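Inspection log for the structure reproduced underneath, given as structure tokens.
These numbers were taken from a predicted model, which means no experiment stands behind them. Ligands are counted one by one from 1 in listed order, and the atoms in each one are counted from 1 as well.
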Amino acid sequence: MWTRDGIRQLVWDRLGDHLLLVVSNREPYVHSRVSGAIQCDMPPSGLTTALDPIMRACGGTWIAHGSGNADRETVDESDRVQVPPDDPSYTLRRVWLTKEEEDGYYYGFSNDALWPLCHIAYTRPTFKEAEWNTYRAVNERFAQVVLEEVGDSKAFVFVQDYHLTLLPRLLREANPNLIIAQFWHIPWPNPEAFRVCPWQEDILKGLLGNHLLGFHLRYHCNNFLDTLDRTIEARVDRDRYEATHGGEKTAIRPFPISVDFEDVSRRARGAEVEAEMARLTKSLELKDRFVGMGLDRIDYTKGIPDRLRAVERFLERYPDYRNRVVFIQTGVPSRVHVPAYRRINDEIDSLIDKINWKYESDRWKPIIDLRGPLSPLTVMALRRLADFAVVSSLHDGMNLVAKEFVASAFDEDKVLLLSQFTGAARELSDAVMVNPYATDHFAAAMKEALEMPLAERQRRMRRMRAVVEENNVYKWAADIVTEMVKLEFGG
Ligand code: F6P
């Protein structure tokens, strides 16, 4: 079983005198001013949830966009701050962007073009040349900062996600001694979907600057190799999962990402969680009711309207459950300057309003809307209160919400309803699988979850917990480091 100490030892032994640098758009700690005081929060992001425990264990430097309104006040003269604030274990180096840069690179090309391009959720990507130019310029800025941090040292640079597709090539050209890997946290679509991107060649060449490129699933690796094959002059070796371009090799591998099972499981047992559960049971009137829960970043790929429609159908088809089940929808607003994200929020508002109006009684509302920031304690208490959780993504690279729910369910008495279109569905095959597009079947799955005998609930949850415990986030990182070392040093 991989542990925090195990990954630390592995990194020290194998990377020796190399610096460890993680580079991502999203920073793991955001400082903001709230009512005059500075507060530090972790953002709602699978990427930061997964990588923070690894950086805490191994140390090193994490380079990311400083997005908080008090971020500048909390760094030193080199734009660095030690994090986490209560237990400084690694360095966060912040990169500053102007509003225009953030608009073009983050809201624009990353999230209005690449995100819908890679997720098959029927939202059309928008390609604007000006946004692409800003995206390129911001990738160049990140490259400068990485090179500055590396100086004359040897370094292992671990790049994250679709915001930084051009960075690996820029780094490899500027400093051939770097070891560069990238993890792609979202799906890679099939070549037919990807080919509509006007800058597909630049993106692929940028990514082939990596020595190692990781995806969640072998299926995404295959899609990537197919895309390369049809788009650029690269030699694709499907047996070895390698691509060679301009004499340089990139290994393509699956590494399913995960969570810190031990830590989540330990936090779920905390006495303060029990107290918070009691508070919520009272304030939300949950006593003697079944509780279903959805916990998402508000995103059109997460299938939130589809899930609400399934709740509506459930109440319509199984009227005995009226007054006896509540569905709590939590969620943090995200990327609100992108029109599709504003629309999804409005759609959720109107669906919740419609369903509650249709079914509510004097003492019961079927859907409790808790959208907005919630403390980690409240989120944990809600997981513990839920009889079933619903993850209904239309398309999702992995989905760590599902794995965190499983890791929290130490009493084993909970059911996970999981979309078959998430990467997590491959590992969590004991979940009740749902197709979010099939509303009747989805509603029947909710009934199945509520009526599943205790022994069956426990059997399924026990097996899923064993999977997440073994394939934890330290194993994910260890597999990447081990592969990297094998490729670079033949070790
Ligand atoms: O899924 C891709 C991803 O980067 C995740 O890793 C993360 O959970 C989410 O998007 C967060 O998005 P953002 O950084 O735009 O808030």
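Tested against Ile232, the residues Thr227, Leu204, Ile203, Asp202 include a single side chain to side chain contact (heavy atoms under 4.5 Å, CB included) partner, Leu204. Evaluated for a ring-ring contact (aromatic ring centres under 6.0 Å, His included) with His216, the options Phe183, Trp188, Trp184 yield exactly one hit, Phe183.
In this structure Ala268 satisfies the side chain to side chain contact (heavy atoms under 4.5 Å, CB included) test together with Met380, Arg384, Ser408, Phe410, sequence neighbours excluded. The ring pair (Phe, Tyr, Trp, His ring centres under 6.0 Å) search around Phe405 returns none, not counting sequence neighbours. Partners of Arg253 under the salt bridge (Lys or Arg N to Asp or Glu O under 4.0 Å) rule, at least two apart in sequence or in another chain, are Glu483.
Ligand 1 is surrounded by Arg26, Ser45, Gly46, Leu47, Tyr106, Trp115, Asp161, His185, Ile186, Arg297, Arg335, each with at least one heavy atom closer than 4.0 Å.
With Asp112 contributing its side chain and Tyr107 its backbone, the two residues share no donor-acceptor pair below 3.5 Å.
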